[in-house]
> 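Handing you a structure now.
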Amino acid sequence: MSIYDRLNEQQKEAVFTVDGPVLILAGAGSGKTNVLTHRISYLIDEAGVNPYNILAITFTNKAAGEMRERVDKLVGFGAEQIHVSTFHSMCVRILRRHADRIGYDGNFTIYDTDDQKHVMKEVTKKLSIDPKQLKDREIMNVISSCKDELVTPEEFRMSSIGDFKKSKIAECYVEYQERLKKNNAFDFDDLLMKTVELFKADPDVLRNYQNRWQYIMVDEYQDTNTAQFELVRLLTGDRHNLCVVGDDDQSIYRFRGANIRNILDFEHYYPEAKVIKLEQNYRSVGNVLDAANSVIRNNSGRKEKALWSNKEKGNPIHFREFDNGYEEAEYVASEIRHSVREGNSEYGENAVLYRTNAQSRSFEEQFVRSNIPYRIVGGVNFYSRREIKDLVAYLKTIDNGRDDLAAKRIINLPKRGIGATTVNKVQAAADSHGISFFDALVRPDLTGITGATAEKLHGFSNLIFVLRARLESFGVEKILDEVLDLTDYINQMEVDSEEEAEERIENIEELRNKMIAYCESNDEPTLSGLLEEIALVADIDSVDDDENRTLLMTIHSAKGLEFKNVYLVGMEDGLFPSYMSIQSGDAEIEEERRLAYVAITRAKEDLTITYAKARMNHGETQYNPVSRFVREIPTELFDIAPRTANKRRFDDYDDSFESESFKRKPYGGDTGFTGFKRIPTNTDDTPSGFRRTPSSILGEKAYSDKQVTGVMPSKKTPEEQKPFIARKDALSGISKGSDLSAKGSDYGVGDRVKHIKFGEGTVLSIEPQGEDKKVKVSFDTAGVRIMYASFARLVKI
DNA sequence: CGTACTAGTCTTTTT
DNA sequence: GACTAGTACG
């Protein structure tokens with residue numbers, strides 16, 4: 001009996017074919033990750049390949065982490081030698097070592113979208129481009145596409161001759177790239193493009209990596225762009241020991257430059273390639289799979305595939321129609337609550353998938369009201385939040401003063417009376433002397449700034465020097481506290497509301513947790529290392545599978561995940577497929593269709609599709625028809641079919657919900673009835689059909705005053721219903737570093753405590769962490785959390 | 001230099 | 001509807 005016995009024939013073939021190019025066409029849910037991990041294990045244990053010679057590239061850090069974990073379990077030892085990483089982090093590592101070969105310093109910074117925008121602002125200003133005629137955003141998109149396709153500024157300039165608009169963009173590209181270079185910065189696209197450039201410019205370096213990585217595997221191959229293809233091609237060299245895994249039907253990143261031809265033409269490029277199709281789906285029940293197949297069938301130019309399953313048919317696909325998005329969200333929340341109470345699923349087995357992040361809001365509101373523990377993935381990236389960007393800008397400036405954008409961001413933050421005029425003077429001095437912004441501001445002899453303003457600048461640079469000294473003496477772990485302390489950031493923060501303040505403080509707390517986590521997982525933590533990790537994380541990376549919370553996310557984020565119950569919401573033409581894609585044509589619609597296919601195939605057992613007749617979109621109400629993708633699913637697969645549903649069928653369904661406190665009424669529409677309306681008749685909007693304990697009823701009652709964030713306690717005494725503590729009080733514990741250990745020491749292990757957001761819980765453990773304490777608390781509704789005493793401000797009850 | 005108001009944009013997805 | 005950048009004014 002070996003670990004390979006449980007694989008099916010095709011999977012075995014994929015695992016055992018280790019030499020030469022291999023294309024694994026892995027349909028949704030066909031055990032792809034399993035094949036990849038077994039293949040790595042086979043390479044090491046059976047084919048005698050040194051783990052050091054194996055490279056596995058994935059799409060997200062989360063996927064990389066999971067793969068490593070699973071390989072670790074299969075392979076006795078040596079798994080840590082395998083290089084598992086994302087394209088971007090692999091490129092960063094390579095560039096850190098060899099960037100000097102292409103004229104950059106290995107100590108480069110990585111610009112995010114926000115930083116790029118700032119640079120582009122400067123560029124268009126300098127080239128006096130009218131922002132009304134040519135938007136920064138458009139220019140950036142074109143440049144990004146160029147980089148995806150490995151088109152250099154010079155090449156693009158040549159190709160744009162004669163085209164006015166294009167040549168304007170080309171000028172911007174040239175200037176933009178020069179500025180990046182001057183700032184010793186790469187943007188995301190550069191990481192790939194410059195690595196290719198490096199490999200082409202320096203064959204020795206390339207050969208070095210070719211020798212190191214003799215067996216290469218690429219996951220999610222359908223999402224690679226031209227630069228990534230080229231990178232892989234170069235690394236593979238003459239060995240051709242390349243195994244790519246993907247599914248052309250799940251290619252959903254065309255907008256980002258993903259080139260579906262990479263997978264469709266693989267055999268063309270490597271004629272000796274072995275093609276293996278994994279067509280058995282182990283994930284979804286028959287009806288779900290049938291629905292997925294009937295949708296994707298409408299696309300042309302696919303690789304021939306026949307996904308099948310020997311699972312039972314399962315439940316029909318649920319289709320529900322609503323008057324508006326509010327009712328849609330209300331329904332989903334009540335279904336999930338129902339399902340969990342009936343013991344049919346756990347919160348974490350349910351997921352809500354939508355096309356756009358903007359849709360998350362109404363669901364979040366309903367989930368809070370219904371006391372459903374949830375987690376929203378994506379939206380505004382954690383590191384794009386203002387307070388986080390501010391603090392990270394401090395960290396960057398402390399780390400090295402070469403990031404001009406970072407220095408400019410914080411020079412007057414908190415307010416020091418340094419304005420635009422001064423900033424411009426300093427920048428001018430920096431430009432004319434070829435030094436960084438920060439270096440220029442400490443040189444009054446170059447800037448010509450005197451008097452009070454010079455004093456202010458001096459104050460700022462002094463602050464940075466002090467912080468650098470503290471970094472030296474206290475280390476990365478403490479540096480954030482020092483920044484908060486010396487800048488009095490939290491008290492100086494401008495906020496509109498108590499809620500906003502709370503949210504920001506929590507984000508800062510989260511940043512602090514992440515920094516500590518980084519320090520703990522690295523033998524030699526450095527500020528540069530931390531900042532690098534920060535630059536390359538995606539939101540999905542921080543999703544913890546064990547949390548038992550319902551996940552809300554875009555379909556894009558859901559790729560690669562699976563859930564027992566999936567709610568695919570907002571299935572309206574104009575929203576999904578998006579209005580843009582409908583305007584653009586077949587290629588775009590096909591991409592949206594693949595997205596629909598990805599969404600449907602996330603469901604293991606139950607799929608619920610919802611539609612709202614009217615929906616609020618940027619402030620105006622839209623009326624959209626049912627998504628064409630829904631109409632591509634045969635009506636037999638639905639319990640209530642779109643458009644053909646009748647009252648009888650609805651009433652059948654509704655029986656289980658009929659109650660005195662909560663009624664759904666048929667809606668008489670002109671297209672024939674397909675939806676229903678709920679009319680809550682009292683404040684307790686829970687269907688009375690559920691068996692509920694008195695205490696949970698009490699909890700629900702307490703909920704009628706509205707809660708805004710996260711998961712709340714199930715029980716509240718009148719005293720606790722007081723509003724949040726006044727802001728200044730709430731914050732004082734954080735900004736004064738010396739107070740830290742004094743705070744929150746009035747409780748011990750086993751005590752009941754209350755957290756401002758997570759509610760009540762029991763203290764599991766307390767351990768000292770420098771001046772602070774790490775407290776582990778099991779919250780009644782928010783699960784087990786580890787937090788820092790100074791931030792958590794737990795109150796003993 | 002800082003504030004308050006206005007206009008514009010976003011909303012398709014992200015390493 | 002929400003957030004941001006830009007502008008006018010004190």
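Letters A, B, ... mirror the listed sequences (proteins, then strands); counts begin at 1.
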> Kindly confirm whether the side-chain ring of Phe255(A) is stacked on the base of dT13(B), judged by centres under 5.5 Å and planes under 30°.
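Yes, Phe255(A) stacks on the base of dT13(B), since the ring centres sit under 5.5 Å apart and the planes are within 30°.
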
> Please list, pair by pair, any protein nitrogen or oxygen found under 3.5 Å from a nitrogen or oxygen in nucleotides 2-6 of chain B.
from	atom 1	to	atom 2	distance (Å)
dG2(B)	OP1	Gly417(A)	N	3.1
dG2(B)	OP2	Asn412(A)	ND2	3.2

> Between Ala358(A) and Thr554(A), which residue's closest nucleotide on DNA chain B lies nearer the 5′ terminus?
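Of the two residues, Ala358(A) wins.
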
> Expressed as a whole number of angstroms, how long is the span from Arg594(A):CZ to dT12(B):P?
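Distance, rounded to whole Å: 18 Å.
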
> Taking for each residue the nucleotide of DNA chain B bearing the nearest heavy atom, is the 5' side occupied by Lys456(A) or by His556(A)?
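Closer to the 5' end of DNA chain B: Lys456(A).
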
> Within the structure shown, what part of the strands sits under 4.0 Å from Thr422(A) by heavy-atom distance: base, sugar-phosphate, or nothing?
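If one applies the 4.0 Å heavy-atom cut-off, Thr422(A) turns out to touch the sugar-phosphate alone, with no base involved.
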
> Within the structure shown, what part of the strands sits under 4.0 Å from Gln359(A) by heavy-atom distance: base, sugar-phosphate, or nothing?
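Here Gln359(A) touches no strand at all.
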
> What contact category does Ser557(A) fall into here, base, sugar-phosphate, or nothing, at under 4.0 angstrom with non-hydrogen atoms?
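Answer is sugar-phosphate: Ser557(A) comes under 4.0 Å of backbone atoms only.
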
> Any donor-acceptor pair under 3.5 Å linking the side chain of Arg355(A) with the backbone of Pro577(A)?
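No; zero donor-acceptor contacts below 3.5 Å.
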
> Quick check against the 3.5 Å criterion: does Ser144(A) have a side-chain atom that pairs as donor or acceptor with the backbone of Met140(A)?
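Answer holds: no.
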
> Taking only side-chain N and O atoms of Asn357(A), does any of them lie within less than 4.0 angstrom of OP1 or OP2 on dT13(B)?
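Yes, within the criterion.
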
> When the C1' atoms of dT11(B) and dG6(C) are considered, how many whole Å apart are they?
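About 22 Å, rounded to a whole number of Å.
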
> When you check the side-chain N and O atoms of Glu364(A) and Tyr374(A), is any donor under 3.5 Å from an acceptor?
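There is such a pair between these side chains.
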
> OP1 or OP2 of dT14(B) sitting under 4.0 Å from any side-chain N/O of Ser144(A)?
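No, Ser144(A) has no side-chain N/O under 4.0 Å of OP1/OP2 on dT14(B).
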
> With respect to the side chain of Thr86(A), which nucleotide from dT15(B), dA2(C), dT13(B) is positioned closest?
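Within the option list, the nearest is dT15(B).
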
> Going by atom types alone, do Gln133(A) and Lys168(A) pair a side-chain donor with an acceptor below 3.5 Å?
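On atom types as modelled, these side chains do not qualify, holding no pair under 3.5 Å.
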
> Whole Å only: how far is the CD1 atom of Ile582(A) from the C1' atom of dT12(B)?
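Taking CD1 of Ile582(A) and C1' of dT12(B), I get 12 Å after rounding.
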
> What's the CZ-P distance between Arg386(A) and dA5(C), to the nearest Å?
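It works out to 9 Å between those atoms.
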
> Nearest to the side chain of Arg256(A), heavy atoms from C-beta on, is which of dT15(B), dA2(C), dT12(B)?
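Of the candidates, dT15(B) comes closest.
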
> Roughly how many Å is it from CD in Glu365(A) to C1' in dA2(C), rounded to a whole number?
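These atoms are roughly 13 Å apart.
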
> Measure CE/Met193(A) against C1'/dT15(B) and give the value in whole Å, please.
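Distance check: Met193(A) CE to dT15(B) C1' gives 17 Å.
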
> Which part of the nucleic acid does Asn617(A) contact within heavy-atom distance under 4.0 Å: base, sugar-phosphate only, or nothing?
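Answer is base: heavy atoms of Asn617(A) come under 4.0 Å of a base.
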
> So, OP1 or OP2 of dT12(B): does either fall under 4.0 Å of a side-chain N or O from Arg137(A)?
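So the side chain of Arg137(A) is outside the cut-off, no N or O lying under 4.0 Å from OP1 or OP2 of dT12(B).
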
> Over 60° means perpendicular and under 30° means parallel, so tell me whether His98(A) and Tyr209(A) are parallel, tilted or perpendicular.
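Perpendicular: the ring planes of His98(A) and Tyr209(A) meet at over 60°.
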
> How many Å lie between CG on Leu95(A) and C1' on dT15(B), as a whole number?
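Taking atom C1' of dT15(B) as the reference, CG of Leu95(A) is at 14 Å.
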
> Test ring pair (Phe, Tyr, Trp, His ring centres under 6.0 Å) on Tyr567(A) and Phe363(A); report intermediate values, then the result.
CA-CA 11 Å; Tyr567(A) 294 85; Phe363(A) 291 94; 8.9 Å; no

> Taking atom types as they are modelled, would you say the side chain of Arg355(A) forms a donor-acceptor pair with the base of dT11(B) within the 3.5 Å cutoff?
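Check fails, no donor-acceptor contact within cut-off.
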
> May I have the distance from Asp115(A) (atom CG) to dT15(B) (atom C1'), rounded to whole angstrom?
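So the CG-C1' distance, Asp115(A) to dT15(B), works out to 14 Å.
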
> Do Lys559(A)'s NZ or CZ and the ring of Phe59(A) fall within the cation-pi criteria of under 6.0 Å and 45°?
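Checked: cation-pi criterion met.
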
> Scan Arg254(A) against the nucleic acid and name what it touches under 4.0 Å (heavy atoms): base, sugar-phosphate only, or nothing.
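Result for Arg254(A) = nothing.
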
> Assess whether ring pair (Phe, Tyr, Trp, His ring centres under 6.0 Å) is satisfied between Tyr104(A) and Phe186(A), documenting all intermediate values.
CA-CA 9 Å; Tyr104(A) 285 78; Phe186(A) 291 123; 4.4 Å; yes

> Is there a donor in the side chain of Asp112(A) and an acceptor in the side chain of Tyr383(A), or the other way round, less than 3.5 Å apart?
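The answer is no; no qualifying pair exists.
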
> Looking only at the side chain of Thr421(A) (C-beta and beyond, no hydrogens), which of the listed nucleotides dC1(B), dT9(B), dT4(C) gets closest?
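Of dC1(B), dT9(B), dT4(C), dC1(B) is nearest to the side chain of Thr421(A).
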
> Establish, with yes or no, whether the OP1 or OP2 oxygen of dG6(C) is under 4.0 angstrom from a side-chain nitrogen or oxygen of Lys121(A).
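Indeed, a polar side-chain atom of Lys121(A) lies that close.
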
> Say you pick atom C1' in dT12(B) and the same atom in dA5(C); how far apart are they, in whole Å?
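About 23 Å, rounded to a whole number of Å.
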
> Distance check needed: dT13(B) P versus Gln250(A) CD, whole Å only.
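Rounding to the nearest Å, CD of Gln250(A) and P of dT13(B) are 20 Å apart.
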
